[in-house]
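Remarks on the structure that follows.
Residue numbers run from 1 in the order of the sequence given.
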Amino acid sequence: MDSMLHQMPMHHLSAHQLYGQTVPSVLQPSFQYLGPTASGGQGSGPYGPYWHDGTFVPYRPAALRDPHLHHRPSANWSSSLPNSQMLHQAQHWQQQAQASHWVPRFASDLTYQPTYLQGLSTPSTAHNGGSSVPYSQRSFNVPYPSGEGWADPEAVPHNVAADFGPSSPNAQQRDKTFAWALQQYRDLIAYIHHNRLEQQHIRHPTAQQAPRPAFYPRPPKPSYSGLQLDVEKRRTASDSQAIGDPREVSQRTSDFNEAGDNTQYHDSNRSSSRLRPASLWSPSGVHFQDNEYDRRASHEQWQRPPQHQQRAYAAQHEQDHFRTLRRSSGSTVSSIVNHMPPDDSPRSRANVALSYLTELCQEADWRWTDGMLLGGCLAYGLGNYQQAHRWYTKVLETDQTHLEATSNLAATLLALGRRREAEQHWTKAVKAAPNHFEAVEHLVGLLCSEQRSADAVRVIEYVETSLGQPKASDGLKASDRQSECSSSSASRSPCQSELSDRILYDFDTEGDTFTADWRENPAASEAGFGSSGFAIPGCDNGRILALIHAKGNMLYGLGDNPGAARAFEDAVLIAAGRRFKNIQGIVKHVLTVVCTTIYRRHPEQGSAAVEPILLTPDQALATAKLCFPHYGELPGLQHVPGGHQTIARRAVISTTSNSLLSLAKIFQDGMSNSGRSSGVTPLACGVRDILALYYLSLSLQPSPSTANNVGILLASVQQAAAPAPAHPKIDIPGVIPGSGIALALQYYNYGLQLDQHHAHLYTNLGSLLKDIGQLDAAINMYERAVKCDGKFDIALANLANAVKDKGRISDAIVYYKRAVDVSPEFAEAVCGLANALNSVCGWEARGGIAEDGGKRDRWHVDDAGMLLDARQPGATSSGWIKRVVDIVEKQLVDGESWGRGTLNQALIEQLVQQVVIIDGSQDDVKERQAGMRKTLEEWAGQRWEGARVTRLVERATRRIGWYRYRDTYVKKKQRTPSSYNRPQLPATLTVPPAPTVLPFHTFTCPMSAKQIRTISQRNGMRISVSTLRAPWLPKQVYPPPKPPAPHLKVGYVSSDFNNHPLAHLMQSVFGVHHRKRVEAYCYATTASDKSVHREQIESEAPVFRDASKWSAERLVDQIVHDGIHVLVNLNGYTRGARNEVFAARPAPIQMSFMGFAGTLGAEWCDYLLADETSIPPETLRPWRRNVDVEDVMVDETNGSEDGNWVYGENIIYCRDTFFCCDHKQSAPGAHDEILSWRDEQRERWRMRKELFPQVSDETLIFGNFNQLYKIDPTTFRTWLRILARVPNSILWLLRFPDLGESHLLAIARQWAGAEVASRVIFTDVAPKHLHISRARICDIVLDTAECNAHTTAADVLWSGTPLLTLPRYAYKMCSRMAASILKGALPSGKEGAQAAKELIATSEDDYEEKAVSLATSLAYPRGCEGRATGRLMELRKMLYHARWTSALFDTKRWVRDLEDAYDVAWRRYVNGEGGDIWLDKVSRKSV
């Protein structure tokens, strides 16, 4: 949920899975939204942030579930969409509409929205209620018509009957009557819309209303012949041939304009776009034109010269003045006539107009098709759907091929609830004329409202196929079209039917595709014809573009990301006028122009070929103007009618911007989520190219969503790219002006300027601020996000994470619960809540894991807080801990398919050539190549394919480095530089997901060995792929260091060289190394805290480098330059880790110890330091060699069904404990005079009385100083039983954190009663020096079995206090550490071995018995002053005296053993040997 600070390509984003990244983020793949994930804190990898104490929960920005981008769909629609601004635009125009008064405007400005856009963005009540019609009036500002026919409601009405009644002189002039009736229809629509807006202001938000049409039939235009006594077959027939007599078609005369219709109708064959009426557009970019239907007329009509048409019209019109009008009689028309008393309301005038049309149609024997069509529209507008049905049916009885009547009848049928018939009529219209966009759009809308997106996609694909232009090879000449026309169809989207299960549907594009020669198209002579790649004029480019954009949305919702990407790409190429072959061509053009204009250099020069182009928001906004002439006008949209600021032009540009945004997001998601990227061909330069798409999108339409996504992407930029000019100064510590992080901050703030209520921007800005150490500011941003959207689960989870880091656990739990309430399946919130509850022992409803017969998790807690025994028959897993484990198990199973399908024959051959080292005889090389080829073929298409290929590449990289060392310093031979080329990951292999529960969290989660090892492997794999994709990696493997001369150079990388437990334990190590054997290089990845620990390390280490501000590239380069032989990871999977440094493989040998108590499961870790207590040999992977490429092919690291092993790394088994503790050199009082045993007893008793003055002398004090998250129900139950069996005892715990105190006391009362609970005592956490000193007050410390005390165990034993521990699991190092530490603290020999048996339990029951036995053996006589008797006091005395000689506190001994380990590991490396190392089999080297 974090931003992408220090991350490799992302995460975030399901509805919230649309981001990702987001959540932007990459460590938490489950935040799939855009991709971001958890940051590395002070580090730079997506590898964890954790606190060493386990309190980490990931942050995630988020990116795709923004309500401004995606209106939450209603129950009748399930598709999810990528970034789209439809809703934002609709809200914007709605506000304009609400601010408007009902003032008439020109009818030609009417704006409509097609239903398919309603279905995709804001499903209308029309769809819900089954009443839907052709044109939407919902949610948008609809200008109102005016003209001579308009009557102002405030004015005195004129005599309508006298002017336009059947007996008036005008009755003989049907054109004027038609025009007046047409105006009444437009007024009616405007009036209805106005009333709706008024009702929206006064209607209660939850009030129910009867469904009404959301759009209305478009006002028809008259046929110029007036009355068509001989019915014209002027519509396109099903065989696509125009029928009818062209002479029947006439032009209207000037007296028609005099009737008051101010809309300009022009000859439909004129090619000049300026003569065409303005396009009418919806916010989606779909528009409607008043003369659009004319283009469906016959070819001959379109081709007739204008002069001929004018003469024909004049002659026809002259005849009309003398034509006899006849009135029909009979019952066939009686049901249509509906006279209303005239008044001055639009509805009444519409009724009057309808009655006039009825009489005129009767006089024409019901052959006046235009009049009947308008009559149907009026009836529909008045809500008389049955009447409208009869009107349109009458038209179709006269002309069965009348497209407008067919489409309007479909709308009427839909309003009547006859959806199937409506679908059939729209289908008929589309098949007859695929360029009849109204029918296409509303058919698509109907299908979407029924959740039939796949069918809707097929309709659009049918239109694409039918209108597709012939290729250049078909013999067409460029001169036959407009210059901007392109015949390329390379980017044409494939049919959905090719990508999913076939559904038998009327629009399967096999065999019945509409075909026509484009040269016979009446619109072929119009400007821009064919420029979209389709046989439509340029003025319709926006319309086909919007349809294809909608297709992309639907495919995205269907989970077909590759198809969606191709659709969005096609939409963008249409906007670009088909001047580019594919989206990569547009990207190249943008980068070339931007580089040469802003950076003053060619983009291919130097490192710029791969580094992102970093632009400020102001610079990005100029992208379109720089890349396209005429102030950024896209070539494919230049013929869209209207000026640059008209609704039509803005809408199509908005759609293009959205297509760019959606396409970029798909590519961005693909970088972090392999499931989303399968089948999507990535852009050549990843982040660099995606940013180019975002810049262009932003410049076309400034959008907060685009700014958000750019911010996410820029925050991931690691390399120090050269900033463009004019980067403002950023006064934030650690933020370099012009860097990706600095620019990300600018884009987030820019987005908030566009929308101050954008919850995602606040969330992502908060995550970035958190990453750069501004936690308080981050919390403020998260709080603002939650204020904007109280149900924004990602913001709630991020806020919970942040306040938890501030120690506000109770607040964190509240926010986690809110997030889970909103999204019960939101994995990050569920796991975060579980982690937070566990940290304060909030066990109610915890449940437990019943697998293994309760061995993992014996005692469960039910909803009432009571205990359940997992060993009882019928016990099952339950509660929130089961939800966590189930989530992880599903993620692990799903992750097995990562990379499946990557290998093909060509790639197999490429890998064989890259990874098989040409060494040895030719026959040997061929044999190894054949073996490799066979193995890769067996891997192809199987589970774990991606993981196996990645490990193969990593092992080959390491092996090539070994050959380079041998060639250079052993064999003294030279190879060509290409012999040391770094093997490359397949381009299609994306950054894999990692489970929500991270490796550190497994310490306290009852998981199986297989689950634990797989979680670490997945995290290691994620780091590997992210790093291997880094642009800064050189082509060849890094040059090896020179041989030791005489000492080995050992590098220690850590974020904890400060006041941190690691520094407390190891601060003397780096200066104690013998200079003839090891020279220590310390690389501190965090800034100095000026503590004594940091100062000692800096002063004593031979080489200390402050790398706190270094990028991964610089740190790796420095390690290589320093000639490091052995590189040690002191973090592992803990907060601040820089694991990407190790994944780059800068040193021949890499190992890990002291930072993380478990396996790293990564190819970039060769050795772990341990002993046989902490890592039993039976927990190792069976194959132990880990040397050759061939080892990877047989070691079964990935795919092994063996559930017992955990460790794939080679282990260095130490002679004594592997744990290092520097207390003899640095603990408080270590250099004071050593007290006698008697004095020690006296001092201990004094401190006891001081801290617990009310405790009686006879009382025994049990204690535990761990953080409370390490306590589990089984352990606490055992403690309470011990207290109950030892009445004169208390249990001393720490408020660590304080919220846990109330929980544990309540549980104690519930489980053991008030008396026992009263003997559980809490104190505050003490400073480190006091903590170590007062540990002696305890009589015995009871360790936690799930996750032992580590540093605390060493503190306790240094004080001389006995520690009782239980290594519960063989396979969890964290549960075995205390046993190892205890053995190291005891004296060698029989005495120490016996003490170990008494203090290391073998089971829960044995733990209880040992505690009770030792406690009851202790006795404090009155006035003893601490001089007690019993075995427990003997053990204390033993530990007190042994601390000066024991292995645990002998730092010099530990360092000598470590140097022996380094020597053996280096010798084996040089000789090409592998396997584990047992130091007790290695003779100590004297120096």
Side-chain angles (χ1 to χ4, degrees), residues 50-56 775 803-813 835-842 1000 1003-1004 1056 1058-1065 1089 1091-1093 1134-1135 1221 1223 1226-1229 1244 1247-1248 1250-1255 1261-1272 1275-1276 1279 1290-1308 1319-1344 1346-1359 1361 1363 1374 1377-1378 1381:
Y50 315 87
W51 291 109
H52 67 277
D53 56 19
T55 59
F56 159 79
L775 186 57
V803 298
K804 185 181 177 187
D805 283 352
K806 289 289 288 185
R808 294 161 49 188
I809 306 297
S810 58
D811 290 339
I813 291 172
N835 183 278
L837 289 171
N838 189 67
S839 71
V840 294
C841 303
F1000 197 96
F1003 289 5
T1004 56
D1056 300 327
N1058 282 314
N1059 185 14
H1060 182 279
L1062 181 95
H1064 303 163
L1065 297 170
D1089 63 353
S1091 64
V1092 294
H1093 314 287
T1134 59
R1135 191 179 187 87
C1221 185
H1223 285 355
S1226 56
R1244 172 177 172 270
M1247 294 181 67
R1248 167 176 164 145
E1250 183 179 298
L1251 187 61
F1252 297 112
Q1254 305 302 323
V1255 173
I1261 300 177
F1262 294 107
N1264 181 279
F1265 304 137
N1266 289 335
Q1267 291 192 66
L1268 301 183
Y1269 79 90
K1270 291 188 176 183
I1271 303 174
D1272 67 297
T1275 297
F1276 193 60
W1279 290 352
I1290 64 172
L1291 174 62
W1292 174 20
L1293 303 176
L1294 300 181
R1295 299 185 182 100
F1296 203 3
D1298 53 5
L1299 182 59
E1301 177 181 4
S1302 59
H1303 287 159
L1304 285 176
L1305 290 177
I1307 292 169
R1319 291 190 276 124
V1320 180
I1321 309 299
F1322 285 84
T1323 65
D1324 291 333
V1325 179
K1328 178 70 175 180
H1329 68 281
L1330 183 57
H1331 160 70
I1332 295 176
S1333 177
R1334 75 180 190 178
R1336 67 176 72 169
I1337 294 173
C1338 276
D1339 291 295
I1340 183 172
V1341 167
L1342 302 177
D1343 193 21
T1344 47
E1346 187 71 28
C1347 180
N1348 295 166
H1350 299 169
T1351 304
T1352 299
D1355 296 340
V1356 166
L1357 293 169
W1358 173 254
S1359 73
T1361 300
L1363 172 76
C1374 66
M1377 292 269 287
I1381 294 169

Atom of S839, atom of K804 and distance for their closest heavy-atom approach: OG-CE, 4.4 Å
[X] side chain to [Y] main-chain N or O, any donor-acceptor pair under 3.5 Å?
X	Y	value
H1331	V1325	no
R1244	R1336	yes
T1361	A1335	yes

Please round to the nearest 0.5 Å and tell me the distance separating atom [atom1] of [X] and atom [atom2] of [Y].
X	Y	atom1	atom2	value
I1337	R1248	CD1	CZ	9.0 Å
L1342	L1291	CG	CG	6.5 Å
F1265	R1334	CZ	CZ	7.0 Å
L1304	C841	CG	SG	4.0 Å
N838	T1004	CG	OG1	5.0 Å
T1344	I1271	OG1	CD1	7.0 Å

Beyond-backbone contact of T1352 with Q1267, side-chain heavy atoms, under 4.5 angstrom: no
Heavy-atom side-chain proximity of T1275 to E1346 below 4.5 angstrom: no
Taking only residues two or more places apart in sequence or in another chain, which ones pass side chain to side chain contact (heavy atoms under 4.5 Å, CB included) with [X]?
X	result
D1089	N1058, N1059, S1091, R1094
L1305	E1301, R1309, V1320, F1322
V1092	none
P1327	H1329, L1330

Partners meeting side chain to side chain donor-acceptor pair (under 3.5 Å) with D1343 (sequence neighbours left out): N1348, T1365
Side chain to side chain donor-acceptor pair (under 3.5 Å) involving N1264 - partner list, sequence neighbours excluded: none
side-chain contact (heavy atoms from CB on, under 4.5 Å) assessment of I813 paired with L1299: CA-CA 11 Å; I813 291 172; L1299 182 59; 4.2 Å; yes
Positive for side-chain contact (heavy atoms from CB on, under 4.5 Å) with T1351, one of L1065, V1356, I1381: L1065
Parallel, tilted or perpendicular, judged at 30° and 60°: which one describes the rings of [X] and [Y]?
X	Y	answer
W1358	H1223	perpendicular
F1276	W1279	perpendicular
H1093	H1064	tilted

CA sep, side-chain torsions, deciding dist, call: F1296, N1266, side-chain contact (heavy atoms from CB on, under 4.5 Å): CA-CA 8 Å; F1296 203 3; N1266 289 335; over 6 Å; no
Working for side-chain contact (heavy atoms from CB on, under 4.5 Å), residues L1294 and D1324: CA-CA 6 Å; L1294 300 181; D1324 291 333; over 6 Å; no
H1350 vs C1374, side-chain contact (heavy atoms from CB on, under 4.5 Å): CA-CA, chis, key distance, verdict: CA-CA 8 Å; H1350 299 169; C1374 66; 4.0 Å; yes
